[in-house]
Asks: 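Okay, handing you the structure first.
Labels below follow one simple rule: chain letters A, B, ... track the order of the sequence lines, proteins then strands, and each chain is numbered from 1.
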Amino acid sequence: MTDLQPVRGTRDLIGEDQRRHRHVVDTARGIAACYGFDEWATPIFEDTRVFARSLGDTSDVVTKEMYTFADRGGESVTLRPENTAGICRALVSNGLTQTLPQKVFYAGPMFRYERPQKGRYRQFHQIGAELIGSAEPLADAEVIALGWDLLVRLGIAGETVLELNTLGDGESRDAYRAALVAHFTAHRDALSDDSRTRLERNPLRILDSKEPRDAPFIAAAPTIFAHLTPAAAAFYATVQRHLRRFGVPFRENPRIVRGLDYYSHTAFEFVTTALGAQGTVMAGGRYDGLVAEMGGPPTPAVGWAAGIERLSLLLPAAPALTAAVAVIPVGEAAEPAALDVLQALRRAGIRAEMAYRGNLKRRMEQANRRQARAAVILGDSELARGVAQVKDFASGTQTELPIEALARHFA
RNA sequence: GCGGGCGUAGCUCAGGUGGUAGAGCGCCAGGUUGUGGUCUUGGAUGCCGUGGGUUCGAGUCCCAUCGCUCGCCCCA
């Protein structure tokens, strides 16, 4: 054994882990396509300004969690900690602000320098959907419905609850922020240390605190609803109406805020209690200012991202591997004919394998260990008659079939 | 960045008060030189995370360190 291990916070996806991972991505890709979303693949590292500009100066993601380094040319580049900013950058870079809306799906690795924990890694993977170019509440509802359908299709919708809130427009948010600051400042000395810091830097985040001593003040805090402008309130009401139309169950939670600064209006999280501290499985909202931050024209947008590791942990089981047919030659003379059969099966779309060495007994053992569904046994006596012995592993029964009939038999 | 728990065979884990390392599973071989899974017999495998200290003697006690893990924080 070597002492070389994967870097802290990274891990290998092998066997069942990878099958779960792939199942999540494949399922999401299929549903996103049904909603008219097209997949984009953007670079996993970007000019540091793409993230520094967009995510907000106060977020931990920017201030202490980014993998940022100077490349050999002296440019400051950053491994993407999330992908919404990169998608917006790509939209602008490719001149696609002229052809809106763009409905984008993506899947890939993200990087954050954090203390690893259950459902939290330094290299982790997200899928996401971004609908760029519509300011209509229908867009919000459609994006959320896409996420809900995915959880349903994965069989984990019952493990999660959709929590919905609005952050209002700029005017609503400023008024609300002032009200919150006034409320928490009145109880400043009783707050946790962390929340006193939040009061200075990002008062909305106090609402997110898990600190028990903050709980009574959070419960007593004003909600944004009293501070919404009529337009913002109407927008929020329409999003809810569409969600009901789509049959997406949700629970209003006025304490939901977003970690990153670019959000406004709709904010939502699909949360679960099954993953310990990392309960948020999918989260997103509206971010009408971000495209402009990337140097494009003011462009409304809404989207979400979901953690593949977290979704994988919730899956009841990994999809099974399709069982192979094991082709087994008996004796050297039978090998060429066995290879012909092997390739014929594969080219007929059947998963087929042949061990590289070993006698009949050993090859049978190997076939069983690899969970083959059947063995095709070819010896001199079979070849002389143009047939093969077909042993079905599930039933244990063995029958004789003409070689030409094999592909049809296993199809 | 801060706290708790844990590092013994490929995996899961036993190893009161210090005496020179074990089980189950898995793996390999035989029982069956053209038949797996079941059964049965036998076998291999360990810098006991790492470094230092105490001791005649350390898997066991002490210190340090690294790693994993759970929670805080943050977030998907």
Side-chain angles (χ1 to χ4, degrees), chain A residues 1 3-9 11 24 55 58-66 80-84 107-129 147 160 192-195 197-198 201-202 205 208-212 214 257-260 268-272 275-285 303-314 326 328-331 334 355 358-382 388-398:
Chain A
M1 189 171 71
D3 55 1
L4 282 178
Q5 295 294 318
V7 169
R8 183 173 177 75
R11 61 185 198 138
V24 169
L55 302 182
T58 60
S59 74
D60 280 16
V61 171
V62 171
T63 54
K64 45 190 191 201
E65 294 176 1
M66 296 206 302
R80 62 186 187 192
E82 57 103 45
N83 205 29
T84 302
M110 310 292 161
F111 305 85
R112 292 181 195 172
Y113 191 85
E114 295 182 275
R115 196 67 178 260
Q117 225 172 287
K118 184 175 188 179
R120 191 173 85 181
Y121 305 94
R122 287 183 173 178
Q123 175 175 335
F124 62 107
H125 300 80
Q126 287 186 331
I127 49 178
T160 67
S192 65
D193 289 349
D194 284 330
S195 286
T197 307
R198 294 187 183 105
R201 304 185 56 177
N202 193 350
R205 291 218 64 92
D208 246 0
S209 174
K210 289 174 193 159
E211 198 58 57
D214 293 336
V257 295
R258 303 278 58 241
L260 307 177
F268 63 92
E269 294 184 2
F270 286 89
V271 299
T272 180
L275 295 182
Q278 269 57 246
T280 303
V281 128
M282 176 187 295
W304 52 254
I308 297 175
E309 283 81 1
R310 294 181 186 179
L311 293 173
S312 296
L313 283 168
L314 289 178
I328 302 182
V330 182
N359 58 22
L360 174 58
K361 178 181 168 62
R362 174 144 180 76
R363 288 172 190 252
M364 288 293 282
E365 285 171 355
Q366 283 188 47
N368 184 66
R369 204 176 314 132
R370 292 181 67 81
Q371 296 175 32
R373 59 170 162 150
V376 170
I377 300 163
L378 290 158
D380 295 340
S381 57
E382 283 81 14
Q389 301 295 331
V390 175
K391 176 146 188 174
D392 182 276
F393 280 126
S395 65
T397 59
Q398 186 163 314

Asks: Which comes earlier along RNA chain B counting from the 5' end, the contact point of A:Ala306 or that of A:Ala372, where each point is its nearest nucleotide?
Replies: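 Looking at RNA chain B, the more 5' nearest nucleotide goes with A:Ala372.
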Asks: Is it the case that the side chain of A:Ser395 and the backbone of A:Thr397 share a donor-acceptor pair, with hydrogens and angles ignored and the cut-off at 3.5 Å?
Replies: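 Yes; at least one donor-acceptor contact below 3.5 Å.
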Asks: Contact class for A:Ala283 vs. all strands (heavy atom < 4.0 Å): base, sugar-phosphate, or nothing?
Replies: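 It contacts sugar-phosphate atoms only.
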Asks: Of the nucleotides B:C28, B:C2, B:A76, which one has an atom closest to the side chain of A:Arg369?
Replies: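 Selected nucleotide: B:C28.
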Asks: Paired with B:U55: which nucleotide, if any, by Watson-Crick or G-U wobble criteria at under 3.5 Å for both distances?
Replies: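 B:U55 is unpaired by these criteria.
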Asks: Taking any heavy-atom pair under 4.0 Å as a contact, classify A:Gln371: base, sugar-phosphate, or nothing.
Replies: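 Nothing, no heavy atom under 4.0 Å.
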Asks: Check the phosphate of B:G36 against A:Lys361, side-chain N and O only, distance under 4.0 Å to OP1 or OP2. Yes or no?
Replies: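 Checking B:G36 against A:Lys361, a side-chain N or O does come within under 4.0 Å of OP1 or OP2.
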Asks: State the pairing partner of B:C39; accept Watson-Crick or G-U wobble contacts with both distances under 3.5 Å, and report none otherwise.
Replies: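 Result: B:G31.
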Asks: Want to settle it: does A:Ala394 or A:Arg115 sit nearer the 5' end of RNA chain B, counting the closest nucleotide to each?
Replies: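 Its nearest nucleotide being more 5', the pick is A:Arg115.
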Asks: Base, sugar-phosphate or nothing for A:Gln366? Non-hydrogen atoms, less than 4.0 Å.
Replies: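 Nothing, no heavy atom under 4.0 Å.
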Asks: Let's see if you can work this out: which of B:C70, B:C68, B:C75 has an atom nearest to the side-chain heavy atoms of A:Gln117?
Replies: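 Among the listed nucleotides, the one closest to the side chain of A:Gln117 is B:C70.
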Asks: In terms of side-chain heavy atoms of A:Ile377, which of B:G34, B:A76, B:G37 is nearest?
Replies: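 Minimum distance to the A:Ile377 side chain belongs to B:G34.
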Asks: Nearest to the A:Lys391 side chain among B:G36, B:C74, B:C68, which nucleotide is it?
Replies: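 My answer, after comparing the listed nucleotides, is B:G36.
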Asks: Taking atom C1' in both B:G10 and B:G53, compute the distance separating them and give it to the nearest angstrom.
Replies: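 That atom pair is separated by 34 Å.
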Asks: Give me the distance, rounded to whole Å, that separates B:U38 from B:U45 when you measure between the P atoms they each carry.
Replies: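 Roughly 25 Å separates the two P atoms.
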Asks: Expressed in whole Å, how much space separates the P atoms belonging to B:U35 and B:A29?
Replies: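 Straight-line distance between the two P atoms is 16 Å.
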Asks: Looking at every strand, decide which applies to A:Gln389 at a 4.0 Å heavy-atom threshold: base, sugar-phosphate, or nothing.
Replies: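 Here A:Gln389 touches the bases of the nucleic acid.
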Asks: Contact class for A:Gly128 (heavy atom, under 4.0 Å): base, sugar-phosphate, or nothing?
Replies: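 No contact at all - A:Gly128 keeps every heavy atom at 4.0 Å or more from the nucleic acid.
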Asks: Between B:G34, B:C74, B:C72, which nucleotide gets closest to the side-chain atoms of A:Glu65?
Replies: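 Among B:G34, B:C74, B:C72, the one nearest the side chain of A:Glu65 is B:C74.
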Asks: State the pairing partner of B:G71; accept Watson-Crick or G-U wobble contacts with both distances under 3.5 Å, and report none otherwise.
Replies: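 Its partner is B:C2 (Watson-Crick or G-U wobble, both distances under 3.5 Å).
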Asks: What I want to check is whether an N or O donor and acceptor connect the side chain of A:Arg120 with the base of B:C73 at under 3.5 Å.
Replies: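 Counting by modelled atom types and ignoring angles, a donor-acceptor contact under 3.5 Å is found here.
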Asks: Base, sugar-phosphate or nothing for A:Gly284? Non-hydrogen atoms, less than 4.0 Å.
Replies: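 It contacts nothing in the nucleic acid.
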